[in-house]
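Reading through the structure tokens given below for one structure.
In what follows, every heavy atom counts, from backbone to side chain, and hydrogens, waters and symmetry copies are set aside.
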Amino acid sequence: MSGSLNKVMLIGNLGKDPEFKVTPTGQPVARFSLATTETWKDPQNPTGDRKSKTEWHNIVVWGKQAEIAEKFLRKGKQVLIEGRIQYREYTGQDGLKRTACDIRCDNFVMLGKMDEGGRSNFGGGGGEFDDPTPPPPGSASGSGGGGGYDDDIPF
């Protein structure tokens with residue numbers, strides 16, 4: 001195998017409602033935290049007590065899916081995220097350079113039951129909204145997009 005792979009799949013619960021913004025170039029972006037929890041039996045404990053550990057992930061969604069995330073995702077909802085790891089550097093309030101790890105979401109699927117308003121949480125972020133093509137070179141989307149829809153598609 002001569003290539004490489006940067007792929008992440010997570011199933012977890014939103015830690016907060018998505019923060020939605022539109023970049024100066026007009027590209028929608030949503031950010032939210034996602035909690036994933038691992039649970040196991042403690043072999044050192046004779047009573048077989050279960051232990052758990054929660055990891056927090058920073059999720060970034062671009063384009064049409066960012067708009068869908070802002071509209072339908074809420075704190076506590078379960079979601080499947082497909083994407084890739086991206087690192088970014090920034091300067092903290094203390095003036096020091098820092099590195100953050102984000103999950104750049106390429107696709108998401110809402111999981112769980114219907115909400116009180118009768119809207120389904122199944123599949124609203126995936127399938128019919130997928131855009132598997134990468135943004136064109138030199139596009140104004142910055143770190144990627146989800147747009148670029150072609151209105152000439154016959155369906």
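With sequence neighbours excluded, the residues satisfying side-chain contact (heavy atoms from CB on, under 4.5 Å) with T91 are K97. For R50, there are no salt bridge (charged side-chain N to carboxylate O under 4.0 Å, His left out) partners, not counting sequence neighbours. When the side-chain hydrogen bond (donor to acceptor under 3.5 Å, both in side chains) test is applied to N13, no partner is found at least two apart in sequence or on another chain. Evaluation of the side-chain contact (heavy atoms from CB on, under 4.5 Å) rule for K21 yields V29 as partners, not counting sequence neighbours. By the side-chain contact (heavy atoms from CB on, under 4.5 Å) test, E55 is found to be paired with T36, K53, H57, residues two or more places apart in sequence or in another chain being considered. In this structure K75 satisfies the side-chain contact (heavy atoms from CB on, under 4.5 Å) test together with D17, sequence neighbours excluded.
Looking only at side-chain heavy atoms (C-beta outward), I85 and C101 come within less than 4.5 Å of each other. In this structure, the side chains of I68 and F108 come closer than 4.5 Å at one or more pairs of heavy atoms. Here the side chains of W62 and P28 are not in contact, with every heavy-atom distance at 4.5 Å or above.
Exactly one of L73, I103, V79 qualifies for a side-chain contact (heavy atoms from CB on, under 4.5 Å) with L34. That residue is V79. The only option from Q65, K7, R84 that meets the side chain to side chain donor-acceptor pair (under 3.5 Å) definition with D106 turns out to be R84.
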Subject >> Stepwise side-chain contact (heavy atoms from CB on, under 4.5 Å) test for I81 and F32 >> reply: CA-CA 12 Å; I81 301 287; F32 55 90; 4.0 Å; yes
Original post:
Where do K41 and D49 land on the salt bridge (Lys or Arg N to Asp or Glu O under 4.0 Å) test, with the steps shown first?
Top reply: CA-CA 6 Å; K41 280 189 176 182; D49 289 344; over 6 Å; no
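If you check the side chains of S52 and T37, you find no donor sitting under 3.5 Å from an acceptor.
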